[in-house]
> 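Input: one structure, supplied below.
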Amino acid sequence: MFSSTAVPIHGNYHGYYAKRPSVNDPRLELLPPSTFAGKRVLDVGCNEGWVSCEIAQSHGAVKVVGVDIDDALVRAAWRRRRTVWSAQGPPEDETEIVGSSRKRKRVEPVGEPDYFPASCAHSHGPLPIPPSSPELFPHNVSFRTADWVNDTIPEDEGGYDVVLAFSITKWIHLNGGDAGLKSFFARVAAVLPPGGQFVVEPQAWDTYRKAKRMDKRLRDTAQGLVLRPDDFPRLLSEVGFGEPVRLGSVGEGGFHRPVDLYNKI
Ligand SMILES: C[S@@+](CC[C@H](N)C(=O)[O-])C[C@H]1O[C@@H](n2cnc3c(N)ncnc32)[C@H](O)[C@@H]1O
């Protein structure tokens, strides 16, 4: 099993979200609002789990699985889940009148995010997580350590409705070569039903140069690369996706990247 190294050759950056602020992640805001509602989501390369937690808490997903190759990041993702839970406010008193009895019933017990300041959890420890519906935050989000290009995880068996690949294609490409990238796309196609959606934030080819400098093995692999990010639509059509919709480009400085949405046919 892979464990954290000093050189983040998989893009396994620690403290990533200190450099790339991701509360109300602008990439998620590009997506149609219904993208995650009632859906099962796989977040490949979830890093410290910020995006997975946001989708699980605020975008109505019934199940979010974050997977990352770096076990230390996955442990941080579980901690992030607890931190986000501890900042969430009490359930809003959303009620409806049931029948003629005028009995009141809570319909959606979801609290406001960022209701409690982070200092509360720092001073008093994180809040306990009471039992609740598996489809409600935080029970609807979990994390796994795996190299998802080469290994399966138990959740894959049931499939997903949406797969996210934010800022990971370069790392898969540089570590696994053209063959690794193709098998990644084939695996995404295999876990999505017709109508399923693949959301990709590809890194541009010119950013590969800096990554290659990290490690000799990446440099060697890069020399044999024939495919380029511009080939992704063709590669994805070969495994069953329609033409992508470019939703826009967001992010500051070097993080300014496009987000593309593919529908499985
Ligand atoms: C640059 S970070 C992007 C994090 C996150 N997706 C985002 O955009 O906010 C890339 C992440 O992908 C993970 N990763 C790279 N290759 C992977 C693989 N084969 N399987 C699972 N995770 C992988 C890295 O460990 C790292 O956390």
Side-chain angles (χ1 to χ4, degrees), residues 1-31 41-56 59 64-80 84 141-153 155-156 160 162-188 191 198-204 207-208 210-211 214-215 217-218 221 229 247 249-260:
M1 173 60 65
F2 172 86
S3 69
S4 272
T5 56
V7 182
I9 59 166
H10 295 278
N12 48 317
Y13 299 111
H14 293 237
Y16 188 64
Y17 297 106
K19 293 203 184 107
R20 177 171 203 166
S22 286
V23 173
N24 300 326
D25 194 300
R27 296 169 293 182
L28 298 179
E29 284 170 17
L30 287 176
L31 290 159
V41 182
L42 176 68
D43 180 11
V44 187
C46 66
N47 197 269
E48 292 173 343
W50 288 45
V51 171
S52 312
C53 285
E54 187 177 332
I55 295 168
H59 291 260
V64 181
V65 180
V67 61
D68 203 283
I69 199 168
D70 184 329
D71 189 50
L73 291 174
V74 169
R75 280 183 274 122
W78 282 109
R79 290 195 295 276
R80 172 73 189 163
V84 173
V141 58
S142 63
F143 299 98
R144 293 267 182 199
T145 304
D147 170 355
W148 199 77
V149 179
N150 297 299
D151 302 325
T152 56
I153 56 174
E155 290 80 1
D156 293 345
Y160 308 95
V162 183
V163 175
L164 283 191
F166 279 172
S167 290
I168 186 176
T169 48
K170 171 171 73 177
W171 302 108
I172 291 173
H173 205 180
L174 280 172
N175 282 278
D178 288 343
L181 185 72
K182 283 182 172 179
S183 52
F184 173 56
F185 288 161
R187 289 220 55 217
V188 173
V191 296
F198 182 36
V199 187
V200 196
E201 181 198 28
Q203 295 107 323
T207 69
Y208 282 45
K210 189 170 158 215
M214 276 184 185
D215 179 74
R217 198 174 58 77
L218 295 192
T221 311
L247 299 171
S249 296
V250 284
E252 299 297 316
F255 290 119
H256 190 76
R257 292 173 190 149
V259 175
D260 295 330

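All ligand and atom numbering here is 1-based and tracks the order in the structure.
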> May I ask you to decide whether R75 forms a salt bridge with D71, counting only side-chain N to carboxylate O separations under 4.0 Å?
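D71 and R75: salt-bridged.
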> Test of understanding: with salt bridge (Lys or Arg N to Asp or Glu O under 4.0 Å), list the residues that count as partners of R217, not counting sequence neighbours.
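Partners of R217 by the salt bridge (Lys or Arg N to Asp or Glu O under 4.0 Å) criterion come out as none, since no residue qualifies.
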> Short list, please: which atoms of ligand 1 are under 4.0 Å from a heavy atom of V149?
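Answer, ordered by atom number: 19 (N).
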> If you measure every N/O of I69 against every N/O of ligand 1, is any gap under 3.5 Å?
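N/O-N/O distance below 3.5 Å exists for this pair.
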> Of the listed options (G45, A165, A76), which comes nearest to atom 11 (C) of ligand 1 when hydrogens are ignored and any heavy atom counts?
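Closest candidate by heavy-atom distance is G45.
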> Answer with yes or no whether Y17 contacts ligand 1, where contact means a heavy atom under 4.0 Å from a ligand atom.
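A heavy atom of Y17 does come that close to ligand 1.
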> Show which atoms of ligand 1 fall inside a sub-4.0 Å distance from at least one heavy-atom site of A146.
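Matching atoms, with element in brackets: 20 (N), 21 (C).
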> Tell me, please, which residues at least two apart from S167 pass side-chain contact (heavy atoms from CB on, under 4.5 Å).
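Listed in chain order: Y16, R20, R27, E201, Q203, R257.
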> Establish, from distance only, whether the side-chain atoms of D70 and H14 form a donor-acceptor pair under 3.5 Å.
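Present: a donor and an acceptor within the cut-off.
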> Can you tell if the side chain of P202 reaches within under 4.5 Å of the side chain of D260, non-hydrogen atoms only?
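Result yes, sub-4.5 Å side-chain heavy-atom pair found.
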> For atom 8 (O) of ligand 1, which of R27, H14, Q203 has the closest heavy atom?
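Considering heavy atoms of R27, H14, Q203, the nearest to atom 8 (O) of ligand 1 sits in R27.
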> Is N47 in polar range of ligand 1, meaning some N or O pair under 3.5 Å apart?
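N/O-N/O distance below 3.5 Å exists for this pair.
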